[in-house]
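Input: a single structure, listed below in structure tokens.
Hydrogens, waters and symmetry mates are skipped; everything else that's a heavy atom, side chains included, is used.
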Amino acid sequence: GGIITQTPKFLIGQEGQKLTLKCQQNFNHDTMYWYRQDSGKGLRLIYYSITENDLQKGDLSEGYDASREKKSSFSLTVTSAQKNEMAVFLCASSLGLGGWAEQFFGPGTRLTVL
Amino acid sequence: GDSVTQTEGQVALSEEDFLTIHCNYSASGYPALFWYVQYPGEGPQFLFRASRDKEKGSSRGFEATYDKGTTSFHLRKASVQESDSAVYYCALGDMGYKLTFGTGTSLLVDP
């Protein structure tokens, strides 16, 4: 088995601030994902990466940057936090194609912007 | 583009009730269909998948049948337990890298 670790668990930021979320996986999976989860809206794909140093934009990439410097880690940066924003950011990984294979999720980072 | 519709935002049942959560999809081609479950404070967990017409997926007493004619993949369980209380997500996979999720259905089971 394996595990996905997300840090921090809770993140409080100020409007306009640049914020970075980190994700580590020990499954040795090639593909990693970042999703945003808002109440009533389900999960929306922000970025994904099919291998080290690869980045692919999802449906919600505007306002975010991502980095995959190692196979085991995938970081997400909120480039300018929006006031009153509240969401959960979920990291996931899959062995193969995530639109076919099971995706494994971390517990999430809960973002609050004051 | 691809989309998934879950019509029930919340479902409230008593233990041993029969559960149905509806899921309809819209996609070009022949997608894979998934159910994921999310317990409080955790990330979603894979429940099961189906990839062809009339295929039944099942796990932990839950099941769903891929129906290309009605573009549906409804989740059913014959007798729910309090421990089944969670949020259930239907998802559509493009057989590539992307998964499109529905908005989720929150299930609350009273003991």
Option in A:P107, A:G106, A:S39 with maximal non-hydrogen atom pairs under 4.5 Å from chain B: A:P107
Greatest number of heavy atom pairs closer than 4.5 Å to chain B - which of A:G108, A:S94, A:A101, A:C91: A:A101
Cluster link [X] to [Y], ILVMFWY, side chain under 4.5 Å:
X      : Y      : result
B:L75  : B:L92  : yes
B:F46  : B:V87  : yes
A:F105 : A:F74  : no
A:L76  : A:V113 : yes
B:V37  : B:L19  : yes

Which of B:G93, B:A91, B:A32, B:G104 touches chain A most, by non-hydrogen pairs under 4.5 Å: B:G93
Under 4.5 Å from any heavy atom of chain B - which part of A:A92: neither
Closest non-hydrogen atom pair between A:L90 and B:P44, with its separation: CD1-CD, 3.9 Å
Engaged part of B:Q38 at the chain A interface, taking heavy atoms whose separation is under 4.5 Å: side chain
Which atoms of B:Y36 approach chain A - backbone, side chain, both or neither, heavy atom under 4.5 Å: side chain
Chain B-proximal positions within residues 42-67 of chain A [heavy-atom distance under 4.5 Å]: A:G42, A:L43, A:L45, A:Y48, A:I50, A:D59
Neighbours of chain B found in residues 15-36 of chain A - heavy atoms under 4.5 Å: A:T31, A:Y33, A:Y35
Neighbour count >12 (heavy atoms, 6.0 Å) for atom CD1, A:I3: no
B:K54 atom NZ: more than 12 heavy-atom contacts under 6.0 Å: yes
Note, B:Y89 side chain near A:Q37 side chain (heavy atom, < 4.5 Å): yes
Residue pair B:S51 / A:W100, side-chain heavy-atom distance below 4.5 Å: yes
